[in-house]
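Following: one structure in structure tokens, then a few remarks.
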2 protein chains.
Amino acid sequence: MARIPLEERRRLLIAATLTVIERDGIAGATARRIVQQADMPLGALHYAFENVEDLLAAAADAVTDNERLAAERGLAEGGAAPDLTDLLVAGMERYVDLLKARPGHELAFLELMLHSSRARLDAPPAPGRYEASYEVVAALLAQAADAAGAAWTRPVRELARHTVSTLDGITTTWLADHDDAAALATARFHAHALTALTTPA
Amino acid sequence: MARIPLEERRRLLIAATLTVIERDGIAGATARRIVQQADMPLGALHYAFENVEDLLAAAADAVTDNERLAAERGLAEGGAAPDLTDLLVAGMERYVDLLKARPGHELAFLELMLHSSRARLDAPPAPGRYEASYEVVAALLAQAADAAGAAWTRPVRELARHTVSTLDGITTTWLADHDDAAALATARFHAHALTALTTPA
DNA sequence: CCGGGCATTGGACGTTTGTCCAAGTTGATC
DNA sequence: GATCAACTTGGACAAACGTCCAATGCCCGG
């Protein structure tokens with residue numbers, strides 16, 4: 001009978017949920033499978049969360065709050081190319097590599113996001129779902145332009161949303177056709193489209 | 001006891017499935033709800049399809065084969081603007097309008113596509129899932145360039161994939177943040193990116 | 001007009017689902 | 001060391017699930 005603080009138990013359950021969804025899809029994310037993955041008894045779930053739907057919502061928030069941001073931050077690592085286009089192309093290509101390496105991971109993100117977005121279809125004005133993503137990507141774009149000695153001709157926040165949208169599109173399209181080369185081409189196309197919106201600083 | 005040819009019954013069940021998913025999500029697409037929507041007895045489903053999963057797969061194919069193509073074709077209707085950028089911007093904006101008008105519809109498409117793509121994650125090379133979409137959009141792009149007296153500097157087939165990817169991204173991102181103005185801005189950004197790849201013919 | 005095969009259907013089957021609860025255990029506080 | 005709230009847990013519950021089948025109805029080729 002492991003005694004675990006409530007908050008920590010919630011964290012563990014959310015992590016287990018993400019693992020299950022990556023493996024079995026959101027349709028396979030049942031209460032029993034989640035607690036088995038977390039190595040907990042069934043009752044533990046309803047002690048930590050009101051119901052399964054609440055757990056899924058918490059998992060969706062965790063994805064946009066943490067998991068996804070970590071991946072996005074990783075896109076900028078490494079290369080210190082002086083050319084802005086090269087920088088952006090490299091970042092985009094890195095995302096495609098990440099997608100190919102763990103397709104179930106990205107698929108899980110999308111499944112969770114769509115699932116939670118359905119609940120609020122005819123509902124309140126969206127909360128800050130993708131907000132954190134936009135800000136992380138905006139910081140990356142600003143930093144890239146800086147490193148290359150260029151300046152954006154549009155607000156980075158706006159460009160960040162375009163970029164996030166682009167990454168989502170690359171993901172769904174690749175999941176549909178599994179065409180690696182085409183995904184890279186699409187990634188490069190968007191990278192070039194972005195650099196068209198800069199001027200030498 | 002309505003006597004219906006097997007093929008027609010399959011069509012009706014697929015249509016009912018899409019209606020149910022648009023309303024209740026893919027999680028709500030159960031055998032009983034689908035046959036109720038189709039006004040059929042429960043047994044009819046397993047006479048027309050091997051199992052529910054097969055019906056969902058058939059529905060996913062129907063979407064990419066018919067439903068979605070009709071929508072895409074509609075993007076070119078109406079405006080006979082001589083300027084290519086205007087044409088593309090108009091088409092993109094029309095898609096955003098369509099998305100706002102029937103969000104559950106586009107959401108259903110994505111849910112079905114992700115669901116069926118999971119089944120083939122570690123599976124055979126993708127079949128022609130998005131293929132039909134690419135060709136329809138490629139035809140639209142060719143026609144638009146023609147009307148505007150311009151020529152693409154890249155194969156239209158490649159640009160068509162970029163466009164489909166873009167539309168998917170616009171959809172998921174809007175579903176996440178419900179930001180109408182931002183969705184339009186993203187749409188216009190991509191329209192401009194496309195026109196950058198033309199030269200006067 | 002009648003027989004044989006296809007189509008139809010309601011009900012039943014065993015599983016799995018989410019949720020709940022009462023009994024038991026732990027660890028900090030007085 | 002007694003007390004009490006917080007935590008844990010296994011089992012029970014009804015409801016919904018996918019699948020199957022025997023019985024019935026219909027239509028058409030002969």
Side-chain angles (χ1 to χ4, degrees), chain A residues 1-62 108 111-112 114-116 118-119, chain B residues 1-62 108 111-112 114-116 118-119:
Chain A
M1 195 193 273
R3 216 172 169 82
I4 304 174
L6 190 55
E7 195 176 353
E8 167 73 358
R9 190 175 286 274
R10 288 208 184 96
R11 260 195 356 92
L12 292 174
L13 280 169
I14 288 173
T17 301
L18 295 180
T19 302
V20 170
I21 294 181
E22 176 169 354
R23 181 176 7 98
D24 303 327
I26 198 164
T30 66
R32 282 171 179 79
R33 256 201 270 233
I34 291 171
V35 294
Q36 183 193 2
Q37 173 68 38
D39 199 31
M40 295 179 190
L42 180 55
L45 192 152
H46 284 88
Y47 183 76
F49 291 93
E50 190 69 28
N51 50 41
V52 173
E53 198 57 38
D54 276 13
L55 169 55
L56 288 180
D61 287 342
E111 283 182 295
L112 254 180
L114 292 188
H115 181 83
S116 85
R118 176 167 292 279
Chain B
M1 194 192 274
R3 217 175 169 80
I4 303 174
L6 190 55
E7 196 176 352
E8 167 74 359
R9 189 176 286 274
R10 288 209 184 96
R11 261 194 355 93
L12 292 174
L13 278 169
I14 288 173
T17 302
L18 295 180
T19 302
V20 170
I21 295 181
E22 176 170 352
R23 182 177 6 100
D24 304 325
I26 199 164
T30 67
R32 283 170 177 80
R33 257 203 270 234
I34 291 171
V35 295
Q36 182 193 3
Q37 173 69 37
D39 198 32
M40 293 180 191
L42 179 56
L45 192 153
H46 283 87
Y47 183 76
F49 291 92
E50 189 70 27
N51 50 42
V52 172
E53 198 57 39
D54 276 12
L55 170 54
L56 288 180
D61 287 342
E111 283 183 294
L112 255 178
L114 293 187
H115 181 83
S116 84
R118 176 169 291 279

Compare all side-chain heavy atoms of A/I14 with those of A/D61 and state whether any distance is below 4.5 angstrom. no
Take atom CG of B/L13 and atom P of C/dA7, then tell me their distance rounded to the nearest Å. 14 Å
Contact check, side chains of B/L42 and B/R32, non-hydrogen atoms, under 4.5 Å: yes
Residue A/L6, side-chain heavy atoms: nucleotide from D/dC7, C/dA7, C/dT19 that is nearest: D/dC7
State, to 0.1 Å, how close B/R33 and B/V20 come at their nearest heavy-atom pair, and which atoms those are. O-CG2, 3.9 Å
Atom CD of B/E7 to atom C1' of C/dA7: distance rounded to whole Å? 16 Å
In whole angstroms, the gap separating P of C/dG5 from CZ of B/R3 amounts to 14 Å
If I take atom CD1 in residue A/I4 and atom P in nucleotide D/dT8, what distance separates them, rounded to the nearest angstrom? 6 Å
Could you state the atom-to-atom distance from OH of A/Y47 to C1' of C/dA22 in whole Å? 15 Å
Roughly how many Å is it from CG in A/L12 to C1' in D/dT8, rounded to a whole number? 15 Å
Heavy-atom check, side chain of A/L112 versus side chain of A/L18, under 4.5 Å: yes
Hey, is CD on B/E8 packed in by over 12 heavy atoms from elsewhere, all under 6.0 Å? yes
Could you check if a side-chain atom of B/D24 sits within less than 4.5 angstrom of a side-chain atom of B/T30, using non-hydrogen atoms only? no
Note: contacts of residues 31-40 of chain A with DNA chain D (heavy atom, under 4.0 Å) are A/R32
Tell me if the CD atom of B/E7 is crowded by more than 12 foreign heavy atoms within 6.0 Å. no
Given C/dG18, D/dT8, D/dG25, which nucleotide is nearest the side-chain atoms of A/V52? C/dG18
C/dC20 OP1/OP2 closer than 4.0 Å to side-chain N/O of A/H46: no
To the nearest angstrom, the CG-P distance between A/L45 and D/dG10 comes to 15 Å
Whole angstrom value for the distance that separates C1' of D/dA16 from CG of B/L42: 12 Å
Distance criterion of 3.5 Å, no angle test: do you see the side chain of B/R9 paired donor-to-acceptor with the base of C/dA7? no
